[in-house]
There are 2 protein chains.
Amino acid sequence: MAKQPPPTKRPAKRPTSFEVAELAGVSRSTVSLVLNGVPKANISQATQQRVLEAARALGYVPSAAGRTLASGRTRTLGLLICHAEHLRVDAFIPQALFGLNQVSQRYGFKVIVEAVEEPRPGAYLELVRAKQVDGLVVLNPRRGDAQLSELAREGFPLVIMGASEIPEVCTVSSRDNTLGARRAVTHLIALGHTRIAHISYGGLEYRGAEERFEGYRRALEAAGLPFEGALVREGDYSAESGFSAMASLLEAGAGFTALFASNDTVALGAMAALRERGLRIPEDVAVVGYDDIPLAAFAAPPLTTVRSPALEHGRLAGEMLVSLIRGERPERTQVDFELELVVRASCGAASPPRR
Amino acid sequence: MAKQPPPTKRPAKRPTSFEVAELAGVSRSTVSLVLNGVPKANISQATQQRVLEAARALGYVPSAAGRTLASGRTRTLGLLICHAEHLRVDAFIPQALFGLNQVSQRYGFKVIVEAVEEPRPGAYLELVRAKQVDGLVVLNPRRGDAQLSELAREGFPLVIMGASEIPEVCTVSSRDNTLGARRAVTHLIALGHTRIAHISYGGLEYRGAEERFEGYRRALEAAGLPFEGALVREGDYSAESGFSAMASLLEAGAGFTALFASNDTVALGAMAALRERGLRIPEDVAVVGYDDIPLAAFAAPPLTTVRSPALEHGRLAGEMLVSLIRGERPERTQVDFELELVVRASCGAASPPRR
DNA sequence: GTGAAAGCGCTAACAC
DNA sequence: GTGTTAGCGCTTTCAC
């Protein structure tokens with residue numbers, strides 16, 4: 001098996017800092033100081049030049065492992081996705097990752113993405129314990145994750161994205177999911193709907209899903225409308241789940257004129273189910289989603305939704321995490337994005353079809 | 001700034017292999033051998049037990065940097081996204097990443113995701129040169145990327161996802177994009193369409209976009225239909241770009257009855273533009289996309305598309321890369337997925353609305 | 001301003 | 001079967 005033709009392939013012999021030092025006629029420490037731009041080690045311009053040139057000439061790039069071992073820093077962040085399926089089916093993560101990636105690059109960090117398949121809590125701990133990342137962004141942790149609290153208690157740089165129940169930990173989320181959901185449902189109520197169904201994006205063990213559900217209930221309550229369990233279904237981030245949840249609602253014949261889905265992808269699936277049965281949106285059933293994924297504006301009809309700026313989430317989580325890693329106190333530790341209800345045609349209000 | 005209360009936070013003192021060795025009453029090498037499960041170093045059952053227990057008792061996890069430095073292996077893969085925007089707006093990447101993540105975990109690898117923002121070619125080289133990854137999956141490289149060929153020539157483990165122009169390099173793609181596109185367009189022609197517009201997902205510097213465009217041309221040619229530049233627009237992975245490309249096509253008044261978009265997201269954007277102008281799909285304009293993203297089946301109407309199994313792409317790329325890293329010759333070096341045209345309602349053929 | 005020296009935590013030959 | 005011995009490539013404190 002392992003029979004490769006070695007002639008054509010050089011084993012990619014990497015130069016070491018030693019060789020750079022030799023070529024520049026200085027010591028390895030000087031090379032290190034120059035390349036890391038250590039300010040207080042006043043290296044003369046001339047020496048700096050020589051070192052930089054030597055490095056370039058040799059195509060020298062410091063070994064990540066070497067510097068990690070010596071410095072204790074990895075210059076790597078981890079993005080932990082607690083529910084792997086979320087990655088596959090929803091549009092929130094890629095956007096957040098995009099934002100995180102932007103920030104990381106700016107500060108010279110790499111990003112390790114880890115999606116946890118099985119509900120083995122604390123799988124991600126390995127990344128931390130192996131000292132492979134300097135900090136961790138955790139997306140939508142399960143509630144009561146003891147390992148996570150433990151990590152936070154140890155002072156490990158940690159940012160939670162999505163609803164969190166650990167108060168001391170930096171969190172970036174949308175201003176109280178409950179509030180966003182309330183706004184969405186209140187909007188439907190204002191339009192005259194009194195029987196409003198709900199499909200969640202996950203079980204109540206996910207804080208965010210629970211909060212949005214809670215917002216739904218509160219909005220009903222505030223309007224004096226009764227809550228009916230028969231109008232509620234549980235989805236799982238996917239359009240499929242939205243489709244079948246809606247199918248189930250329709251079969252149950254519960255009778256409703258509006259839907260609040262706590263995730264756009266789920267909403268789009270539900271809309272497909274409505275269309276398949278010849279029901280019109282919004283005339284027969286008005287629909288409101290949550291997240292404002294890029295495709296929401298292009299749905300048929302364009303989806304009214306609560307904007308939860310995924311990209312900004314990623315960026316901000318990155319900023320916070322980098323601050324924490326540097327031992328600074330981040331400017332803000334609990335960031336809530338202002339939640340805007342983006343009104344489009346799916347709930348019937350007259351509005352321009354695109355954003 | 002850096003004033004943290006040290007009392008509550010232990011600095012997370014990690015145990016080393018030395019401490020495990022001490023506790024187990026063996027040497028560090030034995031610890032290493034046991035924990036790495038080196039088979040040919042017959043360690044007695046009893047010793048193994050002792051070491052394992054000691055490790056567990058201490059909560060020992062080997063330092064990634066240490067073992068990398070000593071072994072030369074990082075147990076980390078890189079996923080390189082050549083066009084960062086692709087990550088933000090399209091649904092292909094998260095699925096591929098999902099697949100890659102599955103395989104990586106199975107083989108004990110982590111995944112570093114790097115999305116290149118600026119068209120600075122070779123930015124990714126740093127990952128390789130810093131010896132931070134053992135291998136690289138490169139998604140949709142730009143054509144004529146010299147750094148990439150160089151890397152391949154050096155024998156660095158490399159797998160290209162998407163169309164590649166470097167023959168010696170392992171590639172996982174969909175069976176000749178050209179063929180898939182031909183099938184799509186031929187299907188439209190068979191339905192009686194003679195004026196078929198095309199919106200690409202990227203410029204011709206992207207091999208995949210070019211191939212799909214090529215397939216479009218060939219299909220027309222094979223049917224004796226003329227090619228018209230006026231019916232072609234360039235998109236960029238996003239629904240927005242599909243929307244405006246379609247708007248532009250309609251304004252140009254080129255007159256067409258069908259659209260082939262080389263990417264589903266673009267197709268969905270184009271469909272929104274059609275609907276906005278009151279055009280019916282497929283009666284006025286039939287639409288075929290490419291990729292079969294999860295939402296394609298839930299579009300209005302459900303989108304006919306060429307299935308390009310993103311998740312499998314990721315899985316397979318992972319398998320190949322791991323093989324290469326291990327110095328094996330992967331079972332297959334050029335994997336082309338069978339391209340299936342998934343016929344749904346958007347092109348008018350009678351068909352069940354969901355997959 | 002620059003160099004010397006001491007590790008960082010681990011693996012892998014090679015002895016025993 | 002297990003321990004000894006070298007490094008892997010870098011950073012960083014402290015002299016010079």
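The sequence lines fix the lettering, A, B, ..., with proteins before strands; numbering per chain opens at 1.
- Nucleotide dT5(D) holds its C1' atom 14 Å from the CG atom of L33(B), rounded to whole Å.
- The S44(A) side chain lies nearest to dG1(C) when the options are dG1(C), dG3(C), dG9(C).
- Under 4.0 angstrom from either OP1 or OP2 of dG3(D) there lies at least one side-chain N or O belonging to T30(B).
- In summary, R153(A) and E150(A) engage in a salt bridge, as defined by a charged side-chain N under 4.0 Å from a carboxylate O.
- Residue whose closest nucleotide on DNA chain D sits further toward the 5' end, between P62(A) and K40(A): P62(A).
- Here dG9(C) presents its P atom at 7 Å from CZ of R14(B), a figure rounded to the nearest Å.
- Side-chain N/O atoms of R75(A) include none lying less than 4.0 angstrom from OP1 or OP2 on dT11(D).
- V38(A) comes within contact range of no nucleotide atom at all, as no heavy-atom separation falls under 4.0 Å.
- With 3.5 Å as the limit, one finds a donor-acceptor pair spanning the side chains of N36(A) and R67(A).
- Nucleotide dG9(C) holds its C1' atom 11 Å from the CD atom of E19(B), rounded to whole Å.
- At whole-Å resolution of the value, CZ in F18(B) and C1' in dT5(D) are 15 Å apart.
- Between R73(B) and dA12(C), a side-chain N or O to OP1/OP2 separation shorter than 4.0 Å is present.
- Comment: R129(B) engages E154(B) in a salt bridge, judged by a side-chain N to carboxylate O separation of less than 4.0 angstrom.
- Between G25(B) and R67(A), it is G25(B) whose nearest contact on DNA chain D lies nearer the 5' terminus.
- As rounded to whole Å, 13 Å separates atom P of dT2(C) from atom CD of Q49(A).
- For dG9(C), neither phosphate oxygen OP1 nor OP2 lies less than 4.0 angstrom from any side-chain nitrogen or oxygen of S63(B).
- Looking only at atom types and distance, the side chain of S27(A) has a donor-acceptor partner in the side chain of T30(A) under 3.5 Å away.
- Residue L69(B) contributes atom CG, which lies 9 Å from atom C1' of dC8(C) at whole-angstrom precision.
- Among the heavy atoms of the strands lying under 4.0 Å from S29(A) is at least one base atom, whether or not backbone atoms are also near.
- Atoms CD (Q132(B)) and P (dG9(D)) sit 16 Å apart, rounded to a whole Å.
- Closest approach to the I43(A) side chain among dG3(D), dG9(C), dT2(C) is made by dT2(C) (side chain taken as heavy atoms from C-beta onward).
- F92(A) is linked by a ring pair (Phe, Tyr, Trp, His ring centres under 6.0 Å) to H313(A), counting only residues two or more places apart in sequence or in another chain.
- When distances run from any side-chain atom of S71(A) to the nucleotides dT12(D), dG9(D), dG3(C), the shortest one goes to dT12(D).
- Side-chain atoms of T47(A) lie closest to dT2(C) of the nucleotides dT2(C), dG3(D), dA5(C).
- For dA12(C), its base never sits under 3.5 Å from the side chain of S32(B) at any donor and acceptor pair.
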